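Notes follow the structure.
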Amino acid sequence: MSNKKKEDSIVAASCMIIMFLIFRYVPRHKMREAHVSFLFQQVMTWFFGLLVVEKGLIKYPYRSFFKKSNKTSFAFEFFIYPAITILFNLYYPEKRSYISKAIYVFSYSGVITLIETFTEKYTDLIEYKKWNRYWSFITLSCTYYASRLYYRWFFSRD
């Protein structure tokens, strides 16, 4: 399988898996919450995604969408990660202990970091320049937490 086909297959499969998870695990009565989570995370990833690419910390050698408009991974930054954040917020263990909440945040961040590390090593979808998996883990954890704070604030009046 050529690199282009391999990368296209990975992006397509990732998008399809995320769509399946969203359709399967987002109840109709939670669509408003899902939209708010998705859009807030898109704002965060738009800013931070462009920042790390423009500063030369990360490079996306192969991009399947909007190759000429920006240098980030459109599929990950604007669809996959914001969609995962929907599930993160909808299933957040709000009434559990602080330790449970921390494990929840770090589990989501850890799984994505693990997948990203594997992707960086074996594909042309991402290349670390002045970056490493620890920065990914930290930034993912921080953006998940910020998303949760915004979610709680936005729906505190309901």
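Keep in mind that this is a model prediction, so the values were computed, not measured. Starting from 1, each residue takes its place in the sequence as its number.
For Ser136 and Glu116, the side-chain atoms include at least one donor-acceptor pair closer than 3.5 Å.
Because its NZ or CZ atom is both nearer than 6.0 Å to the ring centre of Tyr98 and within 45° of the ring axis, Lys101 counts as a cation-pi partner of that residue.
Closest of all the heavy-atom pairs between Glu127 and Pro61 is OE1-CG, 3.6 Å. Scanning both residues, Gln42 and Pro82, for their nearest heavy atoms gives CG-CG, 3.7 Å. Annotation for Val26 and Ala34: closest pair CG1-CB, 3.8 Å, computed over non-hydrogen atoms. Taking both residues in full, the closest heavy atoms of Pro93 and Ser100 are given as CG-O, 4.3 Å, listed atom of the first, atom of the second, then distance. The nearest pair of heavy atoms linking Ala83 to Ile22 is O-CD1, 3.3 Å. The two residues Leu125 and Tyr60 have their closest heavy-atom pair at O-CD2, 3.0 Å.
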Phe88 vs Val105, side chain to side chain contact (heavy atoms under 4.5 Å, CB included): CA-CA, chis, key distance, verdict: CA-CA 8 Å; Phe88 172 84; Val105 171; 3.8 Å; yes
Quick one, Lys129 with Lys55, criterion side chain to side chain contact (heavy atoms under 4.5 Å, CB included). Give me CA distance, side-chain angles, the key distance, then yes/no. CA-CA 10 Å; Lys129 292 299 193 177; Lys55 292 292 182 186; over 6 Å; no
What do the steps show when you test Val43 against Leu39 for side chain to side chain contact (heavy atoms under 4.5 Å, CB included), and what is the final call? CA-CA 6 Å; Val43 169; Leu39 293 173; 5.9 Å; no
Please report the C-alpha distance between Ser73 and Ile126 in whole Å, then the side-chain angles of each, then the deciding distance to 0.1 Å, and finally whether the side chain to side chain contact (heavy atoms under 4.5 Å, CB included) criterion is met. CA-CA 8 Å; Ser73 169; Ile126 186 171; over 6 Å; no
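A continuous path of Ile, Leu, Val, Met, Phe, Trp and Tyr side chains, each step under 4.5 Å between heavy atoms, connects Ile112 with Tyr25, placing both in one hydrophobic cluster. Taking hydrophobic clusters as Ile, Leu, Val, Met, Phe, Trp and Tyr residues chained together by side-chain heavy-atom distances below 4.5 Å, Ile138 does not share a cluster with Phe106. Side-chain heavy atoms closer than 4.5 Å link hydrophobic residues (I, L, V, M, F, W, Y) into clusters, and following such links, even through other members, never connects Phe78 to Val52. Residue Val53 is not grouped with residue Phe48 when hydrophobic side chains (ILVMFWY) are merged at heavy-atom distances under 4.5 angstrom, including chains of intermediate members. Criterion: ILVMFWY side-chain heavy atoms under 4.5 Å apart, direct or through other members. Under it, Leu140 and Tyr151 are part of a common hydrophobic cluster.
Remark: the backbone N or O of Tyr91 is paired with a side-chain donor or acceptor of Tyr104 at under 3.5 angstrom. Checked by atom type and distance alone, the side chain of Thr45 pairs as donor or acceptor with a backbone atom of Glu77 at under 3.5 Å. Side-chain N or O atoms of Asp8 include none that pairs as donor or acceptor with a backbone N or O of Val11 at under 3.5 Å. Formation of a donor-acceptor pair under 3.5 Å by the Ser156 side chain with backbone atoms of Trp153 is found in this model. Under a 3.5 Å cut-off, the side chain of Arg133 and the backbone N or O of Leu114 do not form any donor-acceptor pair.
At a threshold of 4.5 Å between non-hydrogen side-chain atoms, the residues Leu90 and Glu33 count as touching. Using a 4.5 Å heavy-atom threshold, the side chains of Leu50 and Trp46 count as touching. Considering only heavy atoms from C-beta on, Phe154 comes within 4.5 Å of Arg32 through its side chain. Counting only heavy atoms from C-beta outward, the side chains of Thr143 and Phe47 never approach each other to under 4.5 Å. Side-chain contact check for Leu21 versus Leu87: some heavy-atom pair is nearer than 4.5 Å. With contacts defined as side-chain heavy-atom distances shorter than 4.5 Å, the pair Trp135/Leu57 does not qualify. Side-chain contact check for Tyr128 versus Thr117: some heavy-atom pair is nearer than 4.5 Å. For the pair Met16 and Phe20, the minimum side-chain heavy-atom distance is 4.5 Å or more.
Put simply, CE on Met19 and OG on Ser14 are 10.5 Å apart, with the number rounded to the nearest 0.5 Å. Remark: Arg148 CZ to Thr85 OG1 distance equals 12.0 Å, nearest 0.5 Å. Atom CD in Gln41 sits 10.0 Å away from atom CD1 in Ile84 (nearest 0.5 Å).
For Trp131, the CH2 atom is densely surrounded, since the number of other residues' heavy atoms within 6.0 Å is greater than 12.
Taking the six-membered ring where the residue is Trp, Tyr81 and Tyr144 present perpendicular rings, their angle passing 60° and hence far from 30°.
Ile115 forms part of a hydrophobic cluster together with Val111, judged by ILVMFWY side-chain heavy-atom separations under 4.5 Å.
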